[in-house]
Structure formats: C-alpha cells, structure tokens
Amino acid sequence: VQGAASGSALSEGVLYEAHPGEPGLVTAKEVGSGKELWRAELGNVTSQPTLTLNEEVIEVQIAGTPWMTLDRSTGEPLD
C-alpha cells in the first residue's frame with residue numbers, strides 16, 4: 001500500500017502499525033510469523049498517528065502534521 005496514509009499499512013509481508021500513548025510507537029511485524037522486526041518510539045502521542053509508506057522510508061504524521069521520518073528497514077529516525 002505505497003503512499004497510503006493510515007494507522008497501519010501492509011507491504012511486502014510486513015505489517016507496520018502506529019499506536020498513540022506514552023510513548024507512542026510504530027512497530028513492524030512479519031505477517032507470517034508475527035515476529036516483531038523493530039519498534040520506534042514517537043514520544044508522548046495522544047492522537048492516532050498515521051503512516052505513509054514510501055520506497056525506503058515511513059513518514060509519521062500526527063493530526064496531519066509531519067512528526068518523524070523512519071527508515072523502513074530498521075525503524076531508525078532519519079530526521
């Protein structure tokens with residue numbers, strides 16, 4: 001689902017999910033095994049983050065505002 005913005009996205013057998021909270025999280029899990037590949041903390045997030053998948057990065061937005069860009073394969077922040 002390249003370029004789609006929502007709280008979760010599935011691409012190439014990996015499910016990416018964003019969760020609000022203290023801290024808010026983005027996780028990447030293998031669909032077949034359920035194994036967590038990585039997780040990235042977003043800080044204190046009270047509203048549902050949205051994810052936009054691009055070729056090599058994930059753009060995280062909160063309430064429509066760009067929040068963080070993550071490396072899609074490692075979850076490391078690129079800011």
Chi angles and distances behind the side-chain contact (heavy atoms from CB on, under 4.5 Å) call for Val14, Leu37: CA-CA 9 Å; Val14 177; Leu37 303 173; 3.9 Å; yes
Under 3.5 Å donor-acceptor, Asp71 side chain and Ser73 backbone: yes
Minimum-distance pair of heavy atoms, taken over all atoms of Thr69 and Glu59: OG1-CG, 4.4 Å
Over all atoms of both residues, closest heavy-atom pair of Gly75 and Leu70: O-CD2, 3.4 Å
Nearest heavy-atom neighbours spanning Val60 and Pro49: CG1-CB, 4.1 Å
Non-hydrogen side-chain atoms of Leu78 and Val57 separated by less than 4.5 Å: yes
Over all atoms of both residues, closest heavy-atom pair of Arg72 and Glu55: NH1-O, 3.7 Å
Gap separating the OG atom of Ser8 from the CG atom of Leu53, nearest 0.5 angstrom: 9.5 Å
Interatomic spacing from CD1 in Ile62 to OG1 in Thr46 - rounded to 0.5 Å: 8.0 Å
May I have the list of side-chain donor-acceptor pairs in residues 17-33 shorter than 3.5 Å, sequence neighbours left out?
| from | atom 1 | to | atom 2 | distance (Å) |
| --- | --- | --- | --- | --- |
| Glu30 | OE1 | Ser33 | OG | 2.8 |
| Ser33 | OG | Lys35 | N | 3.1 |

Those residues that, when tested against Glu36, pass salt bridge (charged side-chain N to carboxylate O under 4.0 Å, His left out) (two or more places apart): Arg39
